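Single-structure report; data block below.
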Protein chains: 2
Amino acid sequence: MKSGMPAPDGIQPARRATIREVADAAGVSRSTASRALTGRGYVAPPVRDRVREIARGLGYVPDATARHLRQQASQSIGVLVSDLSNPFYAGLAAGISQQARKRQYTMMLADDGGSPEVEVEAAEAFVALRVAGVIVTPVSAEVSTYLARQQIPVVEVDRQFSVGVCDAVVVDNENAARRVIHQLLDLGHRRIALVIDEMHWTTGRDRLAGYRGAFAAAGVPLDDSLVVTAGWDVDAARIEAHKLLSRAEPPTAIFAANNVLAEAVWRAAAELNMPIPERLSLVSFDDVSWMSLVRPGVTAVAQDPVALGEAAISQLFERIQSPHAPVRTVLLSATVAARGSTAPPPA
Amino acid sequence: MKSGMPAPDGIQPARRATIREVADAAGVSRSTASRALTGRGYVAPPVRDRVREIARGLGYVPDATARHLRQQASQSIGVLVSDLSNPFYAGLAAGISQQARKRQYTMMLADDGGSPEVEVEAAEAFVALRVAGVIVTPVSAEVSTYLARQQIPVVEVDRQFSVGVCDAVVVDNENAARRVIHQLLDLGHRRIALVIDEMHWTTGRDRLAGYRGAFAAAGVPLDDSLVVTAGWDVDAARIEAHKLLSRAEPPTAIFAANNVLAEAVWRAAAELNMPIPERLSLVSFDDVSWMSLVRPGVTAVAQDPVALGEAAISQLFERIQSPHAPVRTVLLSATVAARGSTAPPPA
DNA sequence: GCCTTGTGTGGGATCGATCCCAGACAGAGC
DNA sequence: GCTCTGTCTGGGATCGATCCCACACAAGGC
């Protein structure tokens, strides 16, 4: 009753072909068929060709699930980002996907929406699938330590939570921030606001440090009320920016710590009919496509997300190859895309 | 020699715990442990609790690979898009990811870069992984027929190549295009150009049909030289748009068939110092965030990509549940986000 | 003729979890 | 005391592919 049952849908075989069926059809054993198809071990060339021919004819596709179970190694990696709708994370994923494909790996992708709970849940799913490694833009320290404890190679990208526990690929936030603030100071700005999402993660901390450092280096006193925490949501941030720009003494320049915040500031300035750069200079950390489409273009720190993704995955593969090599943090530098959104402060 | 070996790294166990180890530690058989952990079948409550406790203590995570092999059913779906860097596809993936997570499914994501070969390759990888289903924005008819032949549920999104072979979720391209062209005609435009990527896929074909239909309905003759095929690349399209706008008799309005082409037209108009909407009206199919950031805002057909993704995945799950239900095409309507990029043609 | 080497093939165990089935045991009913 | 039912547990087979090992056979060296 097991074999020989009629296919329920007419022509098509009900089940997918297995290597056993390929072997039987070719008149060889499963072992020989396996060798013929994988190319590992001895097989007489004519036998090899015949087996491959038959496999093709049957539409045989080896079951990666079974193979991975036996080999105790999978050909897929997990990727965990905060928000796919954000072009920065989308670009990151795109870069990783490209490189993964080139190395014959498949990519499991999860979007944690910035929630630490969801992030750990997704990491557990990756462990269950026994992925070869994980790339994560962490929102808590737990993910990486959890994955490391489960012996799964991890690379933190963009932000770094678990220094010393796993590899990381980040951009030189402090340096880039210092450079753009320095430029604004050079233009004559003194009331330069920093609109930021938070200040504890490496991204926020280092961008803030760069901001502070530039003031210190120039010997310019710093007004702490100009550092505004505006959260992650465009609308909430827009309201914060609106308040900031409506102050009695508004800033003459704003440094937005990421593309979402830059969008919020841009919208708030438009609402208040505050011309950029005449009344307000704007610089963004993170260059996304709209910044070169608007007039004036927005000067931005450009951290190529695709390159970041590629660096992360190549670091991940190095880690997979040599699990006991010392932990490493790769620091990428960022460039400044100068556009028209900065000018000397209004007189 | 097999067990009892010292852990190579000191404290940590070298290998991940298996259900066998959990069972041994709890003093029960694997079967009982399995029942305790999955909740299927009889287990005495105290035993169940003890097993679960021990599993937690050992950091046991069941091997999804082994489970799927045994159950012949996986808890992951494959998603295949053309370009993750494009916010439309990114939004689609985001919507799918959200819903997949809610249903405890993991998502395998591949970016085929618009290449049919890569697309089929990726589909094969999905078959190898025995995914429960696939969602694809197809670039050829092969993918869907291949997957259907492999008995894997498929849903085509955005574009439809295999009518009758598999389910699809698409927007009402023709209607939406007709509506916006109708509005341009109403404003008095007669030389309305259509800048499009290609005209054979359902998206291109239907948007073109809507364009033509609006002219026909209004009894306005149509100049075929105003239908411009501009490819997929922003830069190439920008050059085409540049040529189009430099003609002796340039169009007074342009309908860009997607967000990339709209960006190209926008840039070309800026290069030529052609003010929008005074000298040129612009409408885009596909509303992305920059269109509401620029001045004037770009009027666009808004096809919510996240909703599209959600519709696709719910269709996929219906198909997985009832594999023999008749094939279905879900048609979503699109809205028009009216902004400032349209006006009557220059006198 | 015997041993060695190289080439080629097949049997069976294995990966980890699940699931069918047999069977143990307690309590109830007669 | 016996059967019957329901509760609970364990043994072994199973999913599909891989891989170790044994073995068969031919050619070559002594």
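A quick note: this is a predicted structure, and the numbers were derived from the prediction, not measured. We name chains A, B, ... by the order of the sequence lines, and we start the count at 1 in each one.
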**OP:** Please figure out whether A:Gly41 or B:Val61 has its closest DNA chain C nucleotide nearer the 5' end.
**Re:**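 The 5'-side residue here is A:Gly41.
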Rounded to the nearest angstrom, tell me the gap between atom [atom1] in [X] and atom [atom2] in [N].
X: A:Leu129; N: C:dG16; atom1: CG; atom2: C1'; result: 14 Å
X: B:Asp24; N: C:dG16; atom1: CG; atom2: P; result: 13 Å
X: A:Asp63; N: D:dC15; atom1: CG; atom2: P; result: 12 Å
X: B:Gln75; N: C:dA17; atom1: CD; atom2: C1'; result: 14 Å
X: B:Leu69; N: C:dA17; atom1: CG; atom2: P; result: 12 Å
X: A:Arg30; N: D:dA17; atom1: CZ; atom2: C1'; result: 9 Å
X: A:Arg20; N: D:dC15; atom1: CZ; atom2: P; result: 10 Å
X: B:Arg50; N: D:dC8; atom1: CZ; atom2: P; result: 14 Å

Given [options], which nucleotide is nearest the side-chain atoms of [X]?
X: B:Arg40; options: C:dG8, C:dA17, C:dC19; result: C:dC19
X: B:Ser31; options: D:dA17, C:dA17, D:dG11; result: D:dG11
X: A:Arg35; options: D:dA17, D:dC20, C:dA17; result: D:dC20
X: A:Thr32; options: C:dT7, C:dG10, D:dT18; result: C:dG10
X: A:Val47; options: C:dG16, D:dC15, C:dT9; result: C:dT9
X: A:Tyr42; options: D:dT7, C:dT7, D:dA17; result: C:dT7
X: A:Val43; options: C:dA17, C:dT9, D:dC19; result: C:dT9

Subject >> Heavy-atom closest pair, residues A:Gln75 and A:Gln104 >> reply: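 Looking at all heavy atoms of both residues, the closest pair is NE2-O, 3.6 Å.
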Subject >> For B:Val157 against B:Pro138, the heavy-atom pair lying closest together >> reply: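 The pair with the smallest heavy-atom distance is O-CD, 3.9 Å.
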Subject >> Any side-chain heavy-atom pair of A:Arg40 and A:Arg35 under 4.5 Å >> reply: no
Original post:
Under 4.5 Å between any side-chain heavy atoms of B:Arg52 and B:Leu37, yes or no?
Top reply: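 Sidechains of B:Leu37 and B:Arg52: in contact.
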Subject >> Other residues, nucleotides, ligands: >12 heavy atoms within 6.0 Å of B:Glu142 CD >> reply: no
Can a side chain N or O of [X] be found less than 4.0 Å away from OP1 or OP2 on [N]?
X: A:Ser34; N: D:dT18; answer: yes
X: B:Tyr60; N: C:dG16; answer: no
X: A:Arg67; N: D:dT18; answer: yes
X: B:Gln71; N: C:dA17; answer: no
X: B:Gln72; N: D:dG16; answer: yes

**OP:** Please tell me which of B:Ala44 and B:Arg70 maps to the more 5' nucleotide of DNA chain D, matching each residue to the nucleotide holding its nearest heavy atom.
**Re:**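 By nearest-heavy-atom nucleotide position, the 5'-most residue is B:Ala44.
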Subject >> Residue closer to the 5' end of DNA chain D, B:Ser29 versus B:Arg130 (nearest nucleotide) >> reply: B:Ser29
Subject >> B:Trp201 and B:Phe161 aromatic ring geometry - parallel, tilted or perpendicular at 30°/60° bounds >> reply: perpendicular
**OP:** Looking at every strand, decide which applies to B:Thr38 at a 4.0 Å heavy-atom threshold: base, sugar-phosphate, or nothing.
**Re:**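 If one applies the 4.0 Å heavy-atom cut-off, B:Thr38 turns out to touch the sugar-phosphate alone, with no base involved.
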